[in-house]
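Inspection log for the structure reproduced underneath, given as structure tokens.
By convention here, the first residue in the shown sequence is residue 1.
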Amino acid sequence: MAAPQDDMFSLCVDPTKVSSCVEVRFIDKIKGKGLFSKKAIKKGDTIFIERPLVSAQFLWNSLYKYKACEFCLRALETAEDNARRLSGIPDLSLPHPELCKVHPELHQACPQCQVMYCSNECRQAAADQYHRALCLGSSQEDPNHPISKLKDAWRSMHYPPETSSIMLMARMVATVKQAQDKGHWQKLFSQFCSRAANEEEEIAHKLLGEKFQGQLTVLRTLFTTALYDDHLNRWFTPEGFRSLFSLVGTNGQGIGTSSLSQWVHACDALVLTSQQREQLDSFIDQLYKDVEKETGDFLNCEGSGLFLLQSACNHSCIPNAAASFPSNNFLLHLSALSDISPGEEIGISYLDCCQRDRSRHSRHKILRDNYLFICSCPKCVSQMDELDLTSDDEEEEEEEGDDMEDEMTDV
């Protein structure tokens, strides 16, 4: 039963060695680097599977009882327990319970602070990489602990829908603090996109709102009190903290996991009679209606991570690849949406499907506001003669959707 976790830990820690079919190339000063295919890739093929350097569950998501492994973000609720909580139906029973891949008997808690992991492998991996530096021990419920104060401050500044977490930055610091080869980890983190000062401030502004400068100072003070380390003193200066904040805001990839979604996908693969299929589909349709009525759109355990290979993918409004998390953990699967030729750049979309169908002007506004660049993909170039106008519906959506999450986190 532990095979999925074993597979996860067989992945190389250095993501640049995960795949032999892609390579990172420098393009130009404007686009920076990009990811390119080294061989022909067929539509539907998995281009690579990547484990993040660090990841963290969103703090509000965790507070609202979305139970995830503290290391790999695997959903810890069984599919049935998850369905009961999300639907508000406490006695709900799922058919085909054997399709649920969550195994509570494997779950383990940190002996000191009691945070939960999906397996002994994850508990040990977290302890070896960063958790020893972050473990609150008996102070886990103490609101006055420096790390607790840092979390509370972040929650008070960054409300749902969440797009990042201060704990991703904390785990970066803790990873370097615990590492024997500190230079190795610093070099890996330095490969992520760096931004000019004015862009860092714009990213901070998008994450923290109008009072971002004062909030950023508060966060830096709490961050320093909780985590300061001489080896990383630059990250704790005002400029270095903005840069670190920018790194996470620009490169953090959303992660979504769901034991219920995984169960539904497994049901889709069952060989059934037409009558059995109709009954099962009807049950699932009604379940999702009940979930929508009770819970709304927040269905998944959600967090973000830093993926070295994935972060090299540039945006395209007509992407040839997409990321998903089908293993119900933090393993990112990048799959081809179309045939990709040798030497072709691999592009993903930073927009969801509905946003990609909007006008060039609307797409550019979303990308400029959230990612600080102007898209020049073939679709945008072909629409250069369009008027810089949006429809009334699009303008209304823009006003409602300024806080946009990173690329879709399919599970």
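The closest donor-acceptor contact from the side chain of H158 to the backbone of T163 lies under 3.5 Å. Of the possible polar contacts, one joining the Q178 side chain to the D128 backbone as a donor-acceptor pair under 3.5 Å is found. When atom types are taken as modelled, the side chain of E162 and the backbone of W60 share a donor-acceptor pair closer than 3.5 angstrom. Under the 3.5 Å distance criterion, the side-chain polar atoms of R368 are left unmatched by any main-chain donor or acceptor of I374. Judged by distance alone, the side chain of S259 and the main-chain N or O of E77 form a donor-acceptor pair under 3.5 Å. A donor-acceptor contact shorter than 3.5 Å links the side chain of Q114 to the backbone of P111. Remark: the backbone N or O of E302 is not paired with any side-chain donor or acceptor of N300 at under 3.5 angstrom. The backbone N or O of L134 lies less than 3.5 Å from no partner atom in the side chain of K177, so there is not a single donor-acceptor pair. Under the 3.5 Å distance criterion, the side-chain polar atoms of K43 are left unmatched by any main-chain donor or acceptor of D339.
Heavy atoms of other residues, nucleotides or ligands lying less than 6.0 angstrom from NZ of K67 number 12 at most. In this structure, Q279 places its CD atom where more than 12 heavy-atom neighbours from other residues, nucleotides or ligands lie under 6.0 Å away. For E98, the CD atom sits in a packed shell: over 12 heavy atoms of surrounding residues, nucleotides or ligands are nearer than 6.0 Å. The number of heavy-atom neighbours closer than 6.0 Å to NE2 of H231, taken from other residues, nucleotides and ligands shown, is 12 or below. A 6.0 Å sphere centred on NZ of K39 holds no more than 12 heavy atoms belonging to other residues, nucleotides or ligands. The number of heavy atoms from other shown groups lying within 6.0 Å of CG (D181) is above 12.
No side-chain donor-acceptor contact under 3.5 Å links Q310 and E50. For the residue pair Q186/R234, the side-chain donor-acceptor check at 3.5 Å is not satisfied. For the 3.5 Å distance criterion, the side chains of E344 and N320 qualify, holding a donor opposite an acceptor. Residues E121 and S119 bring a donor and an acceptor atom of their side chains to less than 3.5 Å of each other. Residues N120 and Q124 bring no donor and acceptor atom of their side chains to less than 3.5 Å of each other.
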For this session: Give the intermediate values and the outcome of side-chain hydrogen bond (donor to acceptor under 3.5 Å, both in side chains) for residues E345 and N314.
Result: CA-CA 9 Å; E345 184 174 5; N314 287 309; 2.8 Å; yes
For this session: Let me see the working for L150 and L219 under side chain to side chain contact (heavy atoms under 4.5 Å, CB included), right down to the final yes or no.
Result: CA-CA 7 Å; L150 180 65; L219 283 175; 4.3 Å; yes
For this session: Please step through side chain to side chain contact (heavy atoms under 4.5 Å, CB included) for the pair I47 and C21, ending with a clear verdict.
Result: CA-CA 7 Å; I47 301 171; C21 68; 3.9 Å; yes
Exercise. Is there a side chain to side chain contact (heavy atoms under 4.5 Å, CB included) between N328 and K101 once you walk through the steps?
Worked result: CA-CA 9 Å; N328 192 34; K101 297 182 180 180; over 6 Å; no
Exercise. Run the side chain to side chain contact (heavy atoms under 4.5 Å, CB included) check on F189 and N251 step by step: do they pass?
Worked result: CA-CA 11 Å; F189 290 137; N251 296 282; over 6 Å; no
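Remark: Q57 CD to L63 CG distance equals 10.0 Å, nearest 0.5 Å. Atom CG of L334 and atom CD1 of I49 lie 10.5 Å apart (nearest 0.5 Å). Put simply, OG on S376 and NE2 on H315 are 9.5 Å apart, with the number rounded to the nearest 0.5 Å. If you take CD on E80 and CG on L92, they are separated by 6.5 Å, rounding to the nearest 0.5 Å. Note that OG of S62 is 7.5 Å distant from CZ of R155, once rounded to the nearest 0.5 Å. If you take CE on M116 and SG on C110, they are separated by 10.5 Å, rounding to the nearest 0.5 Å.
Contact annotation: the side chain of I348 never approaches that of L35 to less than 4.5 Å [non-hydrogen atoms, C-beta and beyond]. You'll find the side chain of F283 reaches within 4.5 Å of the side chain of L94, heavy atoms only. Between Y66 and R85 the shortest side-chain heavy-atom distance falls below 4.5 Å. Counting heavy atoms from C-beta on, the side chains of K151 and M167 come closer than 4.5 Å. At a threshold of 4.5 Å between non-hydrogen side-chain atoms, the residues W185 and Q129 count as touching. The closest side-chain heavy-atom distance from L53 to F192 is below 4.5 Å. At least one side-chain heavy atom of Y288 sits under 4.5 Å from a side-chain heavy atom of V264. Considering only heavy atoms from C-beta on, T225 stays 4.5 Å or farther from K149 through its side chain.
Look at D290 and K293 and you find no salt bridge, because none of the NZ, NE, NH1 or NH2 atoms lies under 4.0 Å from a carboxylate O.
Considering every non-hydrogen atom in both P342 and A40, the closest pair reads CG-N, 3.5 Å. Closest approach of F307 to L332, counting heavy atoms only: CE2-CB, 3.5 Å. S327 and R74 make their closest contact through O-NH1, 3.6 Å (heavy atoms, listed as atom of the first residue, atom of the second, distance). Across every non-hydrogen atom of A75 and T257, the tightest pair is N-OG1, 3.6 Å. The minimum heavy-atom distance between V173 and W235, with the atom names listed, is CG2-CE3, 3.8 Å. What you find for F71 and S55 is that their closest heavy atoms are O-OG, 3.4 Å.
The aromatic rings of Y117 and H131 lie perpendicular to each other, with more than 60° between the two planes, well past the 30° mark.
For Y64 and F298, the ring centers sit 6.0 Å or farther from each other.
Sorted by first and then second residue, the salt bridge (Lys or Arg N to Asp or Glu O under 4.0 Å) pairs with a member in residues 262-284 read R277-D281; sequence neighbours excluded.
Scanning for side-chain hydrogen bond (donor to acceptor under 3.5 Å, both in side chains) contacts around T78 gives D81, with sequence neighbours left out.
Cation-pi contact between R220 and F241: absent, since separation from the ring centre below 6.0 Å together with deviation from the ring axis within 45° is not met.
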